[in-house]
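Below, read A as the first sequence line, B as the second, and so on, with proteins coming before strands; counting in each chain starts at 1.
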Amino acid sequence: MMTAERPPTEFESRVYDALQLVPRGKVTTYGLMARYLSCGSPRAIGQALRRNPFAPETPCHRVVNANLTIGGFFGTVKGTPIERKRNLLLNEGVIFRKDGSIDPACCYRFDE
DNA sequence: CACCTGACATAAT
DNA sequence: AATTATGCCAGGT
């Protein structure tokens, strides 16, 4: 077994903190978070979430793509984790459209 | 220290 | 409208 849990960096902590701001039943996008953190690169957000050692504890499943697609989960953009992510969002009240995209009304905009 | 990868985004073709 | 190319930031090797 490998207890190789690296300590979260300051940037990762920022991402997690912003994630905590997302209300249940809603979702945000990598780009919006990147802007909120002044990161400028949504890729870094995905990197931080991928390294997220705190699964559902941190609402990392509430982060989707800018085009309101399901996005990825647990380091993958396809597979069982993705279905689980969709199930979690549905369980929280997020509305999915027929094409698999998320209802724009469920998109949290970090307005404040 | 330099290069590569990655749960994206946006623009151009 | 769809696909391709480039940009950006941080972490890992």
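- Of the candidate nucleotides B:dA7, B:dA9, C:dG11, B:dA9 has the atom nearest to the side chain of A:Thr29.
- One interatomic measurement links the two molecules: CZ of A:Phe74 to C1' of B:dG6, which rounds to 17 Å at whole-angstrom precision.
- To the nearest 0.5 Å, atoms CE (A:Met33) and CG (A:Asp17) are separated by 9.0 Å.
- Relative orientation of the A:His61 and A:Phe73 rings is perpendicular, given thresholds of 30° and 60° on the angle between their planes.
- Taking atom CE of A:Met33 as the reference point, atom P of C:dC9 lies 17 Å away to the nearest angstrom.
- Side-chain proximity of A:Val77 to the nucleotides B:dT10, B:dA7, C:dG11 is greatest for B:dA7.
- Residue A:Tyr30 has its side chain nearest to B:dC8 when only C:dA10, B:dC8, B:dG6 are considered.
- In this structure, the nucleotide among C:dG11, C:dG7, B:dA7 sitting nearest to the side chain of A:Arg43 is C:dG7.
- Nucleotides of DNA chain B nearest to A:Ala44 and A:Thr69 differ in position, and the one nearer the 5' end is that of A:Ala44.
- Between A:Lys85 atom NZ and B:dA7 atom C1' there is a gap of 7 Å when expressed in whole angstrom units.
- Set against B:dA7, C:dG12, B:dA9, the side chain of A:Asn65 has B:dA9 as its closest nucleotide.
- Here CZ of A:Arg24 is found 10.5 Å from CG of A:Leu88. Values are rounded to the nearest 0.5 Å.
- The CG-P distance, from A:Leu37 to B:dC8, rounds to 16 Å in whole Å.
- Taking OH from A:Tyr30 and CD from A:Gln47, the interatomic distance works out to 11.0 Å, rounded to the nearest 0.5 Å.
- Protein atom CG of A:Leu49 is 12 Å distant from nucleotide atom P of B:dA9, rounded to whole Å.
- Residue contacts for A:Gly71: at a heavy-atom cut-off of 4.0 Å it reaches no nucleic acid atom on any strand shown.
- One can place CD of A:Gln47 at 19 Å from P of C:dG7, the figure rounded to the nearest angstrom.
- Looking at which nucleotide of DNA chain C each of A:Pro42 and A:Thr9 is closest to, the 5′-most match is held by A:Pro42.
- Here B:dG6 presents its C1' atom at 13 Å from CD1 of A:Ile45, a figure rounded to the nearest Å.
- Between A:Arg62 and A:Glu92, at least one side-chain nitrogen of the basic residue sits less than 4.0 Å from a carboxylate oxygen of the acidic one, meeting the salt-bridge criterion.
- The interatomic distance linking A:Arg35 (CZ) with B:dA9 (P) rounds to 12 Å, in whole Å.
- With B:dC8, B:dA9, C:dC9 as the candidates, the nucleotide lying closest to the side chain of A:Ser41 is C:dC9.
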